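Keep in mind that this is a model prediction, so the values were computed, not measured. Order of appearance sets the numbers: ligands from 1, and atoms from 1 within every ligand.
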Amino acid sequence: MAVRKLKAHHMTQPKPLSSSNPNLEFDALKVEHVHLLYANLPLSLGANLVLALILVYVQRLVIDPAVLFGWFISISMVSLWRAVLMVRWRRNRKGDISILLWRFRFRGGVIASALVWGVGGVLLFPEGDIPHQVFLSFVLAGLSAGAVTSLSVDRLSVLSFLLLTLIPLIVRFGMEGSEISLAMGVMTTLFLIVISQNASRTALTIHENIKLRIEASAREEALQEGKIRLQQLNQNLEQLVAKRTSALRESEARFRFLFEQVAVGVAQIDTMTGRFVRVNQKYADIIGYTPTEMLVLDFQSLIHPDDLKASLANVERLKAGEIREFEMEKRLFCKNGRDIWVKLTVSPMWMRGAKPDYHIVVIQDITGHKQAEEQVHQLAFYDSLTRLPNRRLFLDRLQQAQVHSTRHKTNCAILFIDLDNFKTLNDTRGHDVGDLLLIEVAERLRSSVRSSDTVARLGGDEFVVIIEGLSEDTVPAAGQAKDIGEKFLASITQPFKLQEFEYHGSSSIGIRLFRDGETSIDDLLKHADTAMYQAKTAGRNTLCFFDPSMQIALEMRTTMAIELRQAIARQQFKLHYQRQVNAEGTVVGAEVLLRWQHPERGMISPMVFIPIAEETGLIVPLGKWVLQMACAQLKQWEHDPDTRNFQLAVNISARQFRQLDFVDEVLEVLRKSEADPLKLKLELTESLVLQDIVHSIEKMEILCNAGIRFALDDFGTGHSSLTYLKRLPLEQIKIDQSFVNDIATDPSDEIIVRTIIVMSNSLGMKVIAEGVETEDQRDFLARNGCYTYQGYLFGRPMPIEDFQKLLSRFQKI
Ligand SMILES: Nc1nc2c(ncn2[C@@H]2O[C@H](COP(=O)(O)O[C@H]3[C@@H](O)[C@H](n4cnc5c(=O)[nH]c(N)nc54)O[C@@H]3COP(=O)(O)O)[C@@H](O)[C@H]2O)c(=O)[nH]1
């Protein structure tokens, strides 16, 4: 019987059955027991009544009818009660009455019935009438045997029935006292024992059977339930999958609709290949391709080169997870080759791993905005006629130039340019022609400067130019500014073709040099304007500096440059020789130093004229002359045993060294003079060598191979570095006099000098100190390993005659 059915008999709250739950199993057992008991009851009651009737009928002859009647009524009442019980069980078994109560009631009925039968075994026992006694025994034994079958489901019921039914009979047989009665009693007792045992065993067997059945049912039930649950789960799962699939389809449809209908361009790009994976129509339309054409393109190839770096940097940051998305404005190339401005947003899309698999790119064509912006910018910052920056932008650039000059310590200049007689042209030829002149002047100014310089129009015929990155020193910077100003003057004096007529114009230029932020930009502009008016007053077509001393210095410079040129031809240059001595004070050589003997101004320092000679290029012939003189002197010294081993140091300027034929020229001078190259020492400065280290080394090595020696002049004042020092073919390092000056007083100079000496020694280079003026300085240098000196302590630079005279007088000091 299925457990589900068993549960129906259970009058308590139905509970799920499980073989693993012993309580539930026990409940089910009881239910089954009670059910079987009541199920067997109709037959049992029927048999009871039939047997009672037969018994009463057979015993009527030997037992008092009243007893018989009374007993029969009793058994009938008991049977009736049990029948009622059975009917109620059938009706009410699903009610709320405990199964134990039903079992109790049943047992009550059994006991009552057994008691009546047991009483019957005494009352209906005919004394001395063996056949009727046997019959009675037979009925009761039969009844007991029947009870074993119908009651053995419940051991208590069956045993109590057997005991209560048979024991009175056994007692009665015993009371009879006859041999046969006693034998019958013994036999009935044996029967009782045997049948009780059987009943017990049957009860056990039935119990086990039911238990097995229940367990099997429970297992089957559990299996069935599992199956049902699985089916339900499966069903739920299918429903869920169906729901999700439909949601996904819906979302996909929505996405596709959005992707296609959205008013911006959307594309999906493979992060690995940079290729377009999916492109909506709008995207393709913006850049003039079809979506299919775009699938063979990679995103990078469409980006304008100017925006590529910034774009790739953003993509890298996105890939690295540094940013969640980025937005930028950039240019993309269209299919027709033109570029457009787009506002672009890129966000990552993950499918598999930690790194994004795709990028979603959204673009909006903002070319129109950009053009409008550009127009607004042009109107705000540019002069509409000449397209030059206007006053606003000029002031901004001027501010930037100030910052730049402060940071880099370079000079800048403002050139204020005003066209001469512009008003007359305007009045006579009309504004259109005037405008044409302004446009043309703007173009000429623009083409005369570097793109980094600013040419602006302030209004009318006033132009301003900002020149940045001029020399650090004021006078050379002024010279550079003047050169540019003169270029402008010359350019504007070139004829202009204005419509059909040729116009000859000129301009006046005011120059204001500036170096840091001390002067306000308004003042700078005013100063340049003032200088321009000075130029106008000076007769136009000219330029003026705001600072008159600058003008004077420049003029002097110009004069000196002219005079320098003449000085070579007029042989106004002389060479002075300054001795170089060793630790013992013995002269080991000299440095040649150029002097300009000016007929009016007297002796001019090389500090003054060498920079001008450099600027004008005159240093090249001048330097060659110095070299020729030095080599001739060396050749001469060869004849004297006292001077034969002298080395002569010659200063080489940067411009001279940079000449393409410098090496050939030096070798040529040496060859012609027949001087010993080993005695010639060329002094190069650190900055000169570092300007172009590769070519410097190249040239030095060729000359070195020819026997010429090199010394590094002014060492310590530049960017001294071991790395380059090791690469240079140097014989000697010259400690700059600025360090020597203060070695006694400045501890840091002391350290620098010591370091230079140690470094030179470790690199296997000789070291010489220049500017040695005191014995203390010499002693300090000697103590620290420098044994060659040059300076006023040993002798000032002097003409060769004095040098020779002194040589013969004091070989030692
Ligand atoms: N390219 C060339 N440059 C040259 C040449 N001749 C000179 N110069 C360079 O001009 C700079 C100034 O030279 P000068 O005025 O001659 O000064 C030199 C010495 O007079 C001076 N000196 C020497 N000893 C002392 C001293 O004890 N005290 C002191 N205050 N000054 C002293 O030092 C100058 C030597 O400098 P250096 O060349 O670095 O050894 C100078 O830079 C010259 O290089 C030339 O023909 N060509």
Any His576 heavy atom less than 4.0 Å to ligand 1: no
Determine, using heavy atoms of Gly623 and all atoms of ligand 1, whether some pair is separated by less than 4.0 Å.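 No, Gly623 has no heavy atom closer than 4.0 Å to ligand 1.
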Within 4.0 Å of atom 41 (C) of ligand 1 (strictly less), any protein heavy atom?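 Protein heavy atom within 4.0 Å of atom 41 (C) of ligand 1: absent.
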May I ask whether atom 46 (O) of ligand 1 is less than 4.0 Å from at least one protein heavy atom?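 Yes, at least one protein heavy atom sits under 4.0 Å from atom 46 (O) of ligand 1.
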By side-chain hydrogen bond (donor to acceptor under 3.5 Å, both in side chains) - contacts of Arg671 (at least two apart):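 Partners of Arg671 under the side-chain hydrogen bond (donor to acceptor under 3.5 Å, both in side chains) test: Glu668.
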Where does Pro797 meet ligand 1, judged by heavy-atom distances below 4.0 Å: at the side chain, the backbone, both, or neither? side chain
I'd like to check whether [X] has a polar contact with ligand 1, where a contact means an N/O of the residue lying under 3.5 Å from an N/O of the ligand.
X      : result
Gln656 : no
Val592 : no
Gln790 : no

Pull out every atom of ligand 1 sitting under 4.0 Å from any heavy atom of Asp714, numbered as shown with elements.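 Taking each heavy atom of Asp714 in turn, ligand 1 has 39 (O) under 4.0 Å.
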Proximal ligand 1 atoms for Glu773, defined as those under 4.0 Å from one of its heavy atoms: 26 (C), 27 (O), 28 (N), 29 (C), 30 (N)
Given the side-chain rings of Phe416 and Tyr533, with only the six-membered ring counted for Trp, is the space between their centroids under 6.0 Å?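 No, ring centres 6.0 Å or more apart.
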Please write down residue, atom name and distance for the protein heavy atom closest to atom 15 (O) of ligand 1. Pro606 CG, 3.5 Å
Please determine whether a side-chain nitrogen of the Lys or Arg among Glu750 and Arg754 lies less than 4.0 Å from a carboxylate oxygen of the Asp or Glu.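 Yes, charged N to carboxylate O under 4.0 Å.
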Side-chain (Lys681) to main-chain (Gln647) donor-acceptor, under 3.5 angstrom: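 No.
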Check for a donor-acceptor pair, side chain of Asn582 on one end and backbone N or O of Thr586 on the other, with a separation under 3.5 Å.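 Pair found, side chain donor or acceptor close to backbone of Thr586.
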Please lay out, stage by stage, how Arg601 and Glu563 fare under the test salt bridge (Lys or Arg N to Asp or Glu O under 4.0 Å). CA-CA 11 Å; Arg601 289 188 231 165; Glu563 288 176 346; 3.0 Å; yes
Neighbour count above 12 (heavy atom, 6.0 Å) for Met607 CE: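 At most 12 heavy atoms, drawn from other residues, nucleotides or ligands, come within 6.0 Å of this atom.
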